[in-house]
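Below is one structure, written out as structure tokens; comments come after it.
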Amino acid sequence: MSSSEDEKENASLVAEWKEQSDQLEPTGSHVFILTLETHSHSSDGDEAAEFIGAFNSKAAAVAKSVTVWTPWGTFDEAKEDMGDDKDNRKNPPDNGILFQVGGEDIGEGDYCRLLINKQPIVGLTEQLGSSQQNKAKRKKGTKRKK
């Protein structure tokens, strides 16, 4: 395939995706996203973020929290080593800190936090885009009658 054919195909796909983006709507369902943020004074002040997963319930996200690894072991192990923690697993927020050990203003400023974030699941509406409606009409008109 030549580069001009690639460009035409890409332009066609982008146009189709733009049309579909107008049809995106929340489905009424949601997921809970877990993200691990880690900061260590030995990493030149850089903060690292790692996607842990998307879960269909808050309970599932909390269950996963006991197996997430930090530089100091699991959160429960790190809690014993670092002493200072913020544990919201008994009453988890929709958005915010689920569990944190250490802190920016504690000791050397090392910390690890597990953030929970409730996000809607978004899908395409069942309505067809205008180009798809035209294709469907053409197909419908070419069917033979019995």
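Screening residues 50-60 for side chain to side chain donor-acceptor pair (under 3.5 Å) gives K58-D94 as the qualifying pairs, with residues at least two apart or on separate chains.
When the side-chain hydrogen bond (donor to acceptor under 3.5 Å, both in side chains) test is applied to N88, no partner is found at least two apart in sequence or on another chain. Checked against side-chain hydrogen bond (donor to acceptor under 3.5 Å, both in side chains), K118 has no partners two or more places apart in sequence or in another chain.
Of all the heavy atoms in R113 and F75, the pair that sits closest is C-CZ, 3.9 Å. Across all non-hydrogen atoms, the minimal contact from L98 to P92 is CD1-CB, 3.6 Å. Counting all heavy atoms, side chain and backbone alike, T74 lies closest to E77 at N-OE1, 2.9 Å.
Rounding to the nearest 0.5 Å gives a distance of 8.0 Å between CD1 of I116 and CG of N95. Of the inter-residue distances, the one linking E7 atom CD with E5 atom CD reads 11.0 Å to the nearest 0.5 angstrom. For the atom pair K64 NZ and L34 CG, the distance stands at 9.0 Å (nearest 0.5 Å).
Under a 4.5 Å side-chain heavy-atom cut-off, the cluster of Ile, Leu, Val, Met, Phe, Trp and Tyr residues that includes W17 is completed by L13, V14. Under a 4.5 Å side-chain heavy-atom cut-off, the cluster of Ile, Leu, Val, Met, Phe, Trp and Tyr residues that includes L115 is completed by I97.
Using a 4.5 Å cut-off on side-chain heavy atoms (C-beta onward), T35 and I52 make no contact.
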Would you tabulate the side-chain donor-acceptor contacts of residues 25-33 under 3.5 Å, counting partners in other chains and residues two or more places apart, or write 'none'?
unit_1, atom_1, unit_2, atom_2, d
T27, OG1, S29, N, 3.2
T27, OG1, I121, O, 3.1

